[in-house]
Amino acid sequence: MQTYHFLRSLAHINLTTPSSPLHRRSRAIRRAAYVSMARAASPRRMWTRAILSRLQLHRRARLLRRQRSYKKKAISTPHDKLRRLVPGGEEMDFCRLLEETVDYAEFLSKQVRIMESVVDFMEAECKKKEEKV
């Protein structure tokens, strides 16, 4: 299901923004990958809800990130670093954070495999076109 949503989003990006700058297209592809990953996962997971809400409130989140960058934390523990890596991790207790981290890592690895297979497919298609010419 994750692959279906991701490929559908890529096709939409290709149709709607064929001549846009590379940085915009790469941002759109990254958003599509995150949304497809979050849709394929359980909606009960905190990280999926965090990703979807972050993408829905993209402009607001960008402003909040600017404000947060000025705030400095006094002590940074490994737990705090993990909380910043997992979407929605700031609100979780440590046990829940570990569960969410495992689930999030599994979906990230699936996402990497999907993207690798898309790249392999596109490379094979390019080679076929070059052989025909």
Side-chain angles (χ1 to χ4, degrees):
M1 190 56 105
Q2 183 178 356
T3 307
Y4 171 76
H5 287 297
F6 182 61
L7 292 176
R8 207 168 135 205
S9 298
L10 285 179
H12 179 73
I13 290 167
N14 195 31
L15 288 175
T16 58
T17 58
S19 61
S20 64
L22 182 62
H23 70 279
R24 282 193 185 156
R25 287 176 63 90
S26 64
R27 240 187 260 149
I29 291 169
R30 186 176 345 132
R31 272 193 298 254
Y34 276 125
V35 169
S36 64
M37 183 175 66
R39 282 185 181 164
S42 170
R44 294 182 183 158
R45 291 292 180 187
M46 190 90 155
W47 65 266
T48 59
R49 292 192 308 255
I51 285 176
L52 292 174
S53 67
R54 187 183 303 162
L55 292 174
Q56 289 171 355
L57 303 171
H58 185 64
R59 287 185 180 173
R60 184 174 177 211
R62 190 171 31 189
L63 292 173
L64 289 175
R65 271 186 258 133
R66 287 181 190 161
Q67 291 172 356
R68 281 188 216 150
S69 67
Y70 294 116
K71 296 178 183 177
K72 292 185 179 180
K73 292 188 177 181
I75 299 172
S76 179
T77 64
H79 306 309
D80 294 333
K81 291 178 183 177
L82 185 60
R83 287 181 200 283
R84 285 192 299 262
L85 286 175
V86 177
E90 293 87 11
E91 299 94 30
M92 294 181 223
D93 65 353
F94 187 65
C95 290
R96 176 83 188 259
L97 177 66
L98 292 177
E99 291 174 5
E100 294 281 335
T101 303
V102 169
D103 190 57
Y104 184 58
E106 288 174 2
F107 272 91
L108 282 175
S109 66
K110 286 180 187 177
Q111 183 180 9
V112 167
R113 286 193 301 265
I114 289 169
M115 289 182 169
E116 286 174 343
S117 63
V118 168
V119 168
D120 292 341
F121 176 76
M122 295 306 292
E123 286 177 348
E125 289 295 314
C126 288
K127 286 181 182 178
K128 285 180 185 177
K129 287 182 181 179
E130 288 175 1
E131 290 174 0
K132 288 182 182 178
V133 173

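Being a predicted model, the structure only gives us computed values, none of them experimental. Count residues from 1 along the sequence.
One finds the CZ atom of Arg83 at 12.0 Å from the CD atom of Glu100 (value rounded to the nearest 0.5 Å). Rounded to the nearest 0.5 angstrom, Lys128 NZ and Glu125 CD are separated by 5.0 Å. Once rounded to the nearest 0.5 Å, the distance linking CZ of Arg113 with CG of Leu108 reads 11.0 Å.
When the side chains of ILVMFWY residues are joined at heavy-atom separations under 4.5 Å, either directly or via intervening members, Phe94 and Tyr104 end up in a single hydrophobic cluster. Placement of Met115 and Phe121 within a single hydrophobic cluster is found when ILVMFWY residues are connected by side-chain heavy-atom separations under 4.5 Å, directly or transitively. Val102 and Met46 fall into different hydrophobic clusters, where Ile, Leu, Val, Met, Phe, Trp and Tyr are joined by side-chain heavy atoms under 4.5 Å apart, directly or via other members. Taken together through direct or relayed side-chain contacts under 4.5 Å among Ile, Leu, Val, Met, Phe, Trp and Tyr, Val86 and Leu98 form part of one hydrophobic cluster.
Residues Met92 and Pro87 come closest through the heavy atom pair CE-O, 4.0 Å. The nearest pair of heavy atoms linking Gln111 to Ala33 is NE2-CB, 2.6 Å.
Ring geometry for Trp47 versus Phe107: interplanar angle of 30 to 60°, hence tilted.
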If you apply the rule side chain to side chain contact (heavy atoms under 4.5 Å, CB included), what do you find for Leu97 with Thr101, and how did you get there? CA-CA 6 Å; Leu97 177 66; Thr101 303; 4.1 Å; yes
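Between Leu82 and His79 there is no side-chain heavy-atom pair separated by less than 4.5 Å. For the pair Leu85/Lys81, no side-chain contact is recorded, criterion being any heavy-atom separation below 4.5 Å from C-beta on.
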